[in-house]
Undergrad: 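For reference, the structure I am asking about is given below.
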Amino acid sequence: MWYSVFFAVLVALFLLFVFAGTDNWRSKPPVLNTVHPFSFITQDGQPFTEKDMLGKVCVVNYFFTSCRGICPRMNNNMRMVYEAFKDEPDFMIVSHTCDPETDSAPVLKHYADSMKVDTRKWVFLTGRKDSLYNAARNSYLLDDPKNAVVNINDQFLHTQFFALVDKNGNLRAQIYDGLKKDELAKLKEDIKELLKE
C-alpha cells in the first residue's frame, strides 16, 4: 500500500513539474474546417487570397455597407475586437461583403475610411457573389449550404456570425455570434490562445 501511495505522489509531482507554468495541460481549440482557395479584391483594389491570411490569426465576417439592421452593431462589436488586437503583428480581421453589386472596392474604401481602421489589419473584400457565398458556406461555415438556391441572384446571405482562422488556414474553436457579449468575450480568449501557437 505504501508503495502505491508513494508511486502516485511521484507521478503527480512529475506531471506538476512537466506542466507547471505552461498551458500544455489545456485542450486546444478544435479544428472545424480548412479555408479553401479563393481570390477577392480589397478596398484598395488589390487581389487578396487565402495565402494572405497565412501566418495570421484572422476573424472573418460578412456584412454589407448599406445594411441598417444588424451590420452596424456587428461591426461596432468587431471594432472592439480590432481595438483589443490591432497592435498584434499576427492578427487580422477579414470582412467580406455579401452585396458585391453595391459594395465595389471604392465603396468599401469609403466604408473603411469611415471606420477609421488600419486596412492592413482590417481588410474589406468584394468579388464575385457566388465565390463570396461559397467561402461563407464551405470555408467559414457562416451559413448553411442548404440555403443556396439555383440562381445566385436569388440568394442573399445575412449573418451575424464570426469565424476564427488560425495561422495555418484552419477554421478553429467555434462559430461566434457577433451580437452576444459572452461569445465576443470567448472569441477574444480564443484569439489569445491561437496567437500563442
Side-chain angles (χ1 to χ4, degrees), residues 28-33 35 38 40 42-43 48 53 56-88 90-103 107-119 121-127 129 131-149 154-166 169-195:
K28 302 214 180 286
V31 174
L32 305 176
N33 203 11
V35 176
F38 66 80
F40 298 128
T42 70
Q43 71 285 331
F48 187 95
M53 297 169 67
K56 307 235 180 255
V57 173
C58 300
V59 180
V60 175
N61 76 325
Y62 279 72
F63 81 108
F64 58 108
T65 60
S66 58
C67 174
R68 301 290 172 251
I70 62 172
C71 298
R73 267 182 60 211
M74 187 176 68
N75 277 347
N76 282 336
N77 289 342
M78 185 69 86
R79 185 178 183 81
M80 288 189 276
V81 175
Y82 167 81
E83 292 296 335
F85 295 99
K86 67 182 180 184
D87 295 327
E88 287 286 343
D90 297 335
F91 175 77
M92 177 187 284
I93 296 173
V94 183
S95 290
H96 304 68
T97 182
C98 48
D99 184 15
E101 291 82 16
T102 303
D103 292 340
V107 170
L108 290 175
K109 175 69 171 160
H110 178 74
Y111 185 85
D113 290 346
S114 74
M115 294 281 291
K116 295 180 174 54
V117 296
D118 178 353
T119 53
K121 302 299 287 183
W122 188 345
V123 64
F124 296 85
L125 301 179
T126 190
K129 186 175 183 180
S131 298
L132 288 160
Y133 284 35
N134 183 52
R137 292 176 176 141
N138 298 312
S139 286
Y140 306 121
L141 309 180
L142 294 177
D143 189 50
D144 191 335
K146 294 177 188 167
N147 289 339
V149 293
D154 295 335
Q155 297 181 45
F156 196 76
L157 188 148
H158 199 208
T159 179
Q160 76 266 21
F161 296 106
F162 297 168
L164 182 59
V165 177
D166 69 15
N170 296 311
L171 184 68
R172 296 287 293 276
Q174 69 180 59
I175 303 301
Y176 307 84
D177 189 322
L179 300 176
K180 293 185 177 175
K181 289 188 187 297
D182 61 327
E183 295 206 15
L184 291 166
K186 175 77 167 85
L187 171 62
K188 289 178 184 176
E189 289 304 311
D190 289 341
I191 291 168
K192 289 177 189 171
E193 195 69 34
L194 293 185
L195 283 169

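Keep in mind that the numbers below use all heavy atoms, side chains included, and drop hydrogens, waters and symmetry copies.
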Undergrad: Measuring from atom CG of D166 to atom CE of M53, what distance do you get when rounded to the nearest 0.5 angstrom?
TA: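 Reported value, rounded in 0.5 Å steps: 9.5 Å.
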Undergrad: What heavy-atom pair brings F40 and T126 nearest, and what distance separates the two atoms?
TA: CB-O, 3.2 Å
Undergrad: Would you say that L171 contacts L164 through its side chain, given a criterion of any heavy-atom pair below 4.5 Å between the two side chains?
TA: no
Undergrad: What residue among N61, D190, N77 forms side-chain hydrogen bond (donor to acceptor under 3.5 Å, both in side chains) with Y176?
TA: D190
Undergrad: Consider only side-chain N and O atoms of T159 and D143, and report whether a donor and an acceptor are under 3.5 Å apart.
TA: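 There is no such pair between these side chains.
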Undergrad: Quick one: closest heavy-atom pair of N75 and W122, and the distance?
TA: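 So the minimum-distance heavy-atom pair works out to O-CH2, 3.7 Å.
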Undergrad: Ignoring hydrogens and geometry, is there a side-chain-to-backbone donor-acceptor pair from Y82 to D118 under 3.5 Å?
TA: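 Here the side-chain-to-backbone pair exists.
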Undergrad: Are Q43 and Y111 packed together at the side-chain level, in the sense that at least one heavy-atom pair is separated by less than 4.5 angstrom?
TA: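 No; the side chains remain at least 4.5 Å from each other.
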Undergrad: Is any NZ, NE, NH1 or NH2 atom of the basic residue among K186 and D182 found under 4.0 Å from an Asp or Glu carboxylate oxygen of the other?
TA: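 The answer is no: the pair does not qualify as a salt bridge.
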Undergrad: Looking at L142 and V60, what are the two nearest heavy atoms and their distance?
TA: CD1-O, 4.1 Å
Undergrad: Side chains of F91 and V59: does their closest heavy-atom pair fall under 4.5 Å?
TA: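 F91 reaches V59 side chain to side chain.
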Undergrad: Considering all heavy atoms of both residues, which atom of F64 and which atom of D103 are nearest to each other, and what is their separation?
TA: CA-OD2, 3.4 Å
Undergrad: Please test Q160 against K180 for side-chain contact (heavy atoms from CB on, under 4.5 Å), starting from the C-alpha separation and ending with a verdict.
TA: CA-CA 10 Å; Q160 76 266 21; K180 293 185 177 175; over 6 Å; no
Undergrad: Looking at every non-hydrogen atom in both residues, tell me the closest pair between N138 and L141 and how far apart they are.
TA: O-CD2, 4.4 Å
Undergrad: Between F162 and I93, does the side-chain contact (heavy atoms from CB on, under 4.5 Å) criterion hold? Intermediate values first, please.
TA: CA-CA 10 Å; F162 297 168; I93 296 173; over 6 Å; no
Undergrad: Hey, is NE2 on H110 packed in by over 12 heavy atoms from elsewhere, all under 6.0 Å?
TA: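 Open.
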Undergrad: For F48 versus F38, what's the shortest heavy-atom pair and its separation?
TA: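 That closest heavy-atom pairing would be O-CE1, 3.5 Å.
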Undergrad: State the CE-CG distance between M74 and L184, to the nearest 0.5 angstrom.
TA: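 That separation rounds to 11.0 Å.
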Undergrad: Would you sort out whether T119 and T42 count as a side-chain contact (heavy atoms from CB on, under 4.5 Å), showing the intermediate values?
TA: CA-CA 9 Å; T119 53; T42 70; over 6 Å; no
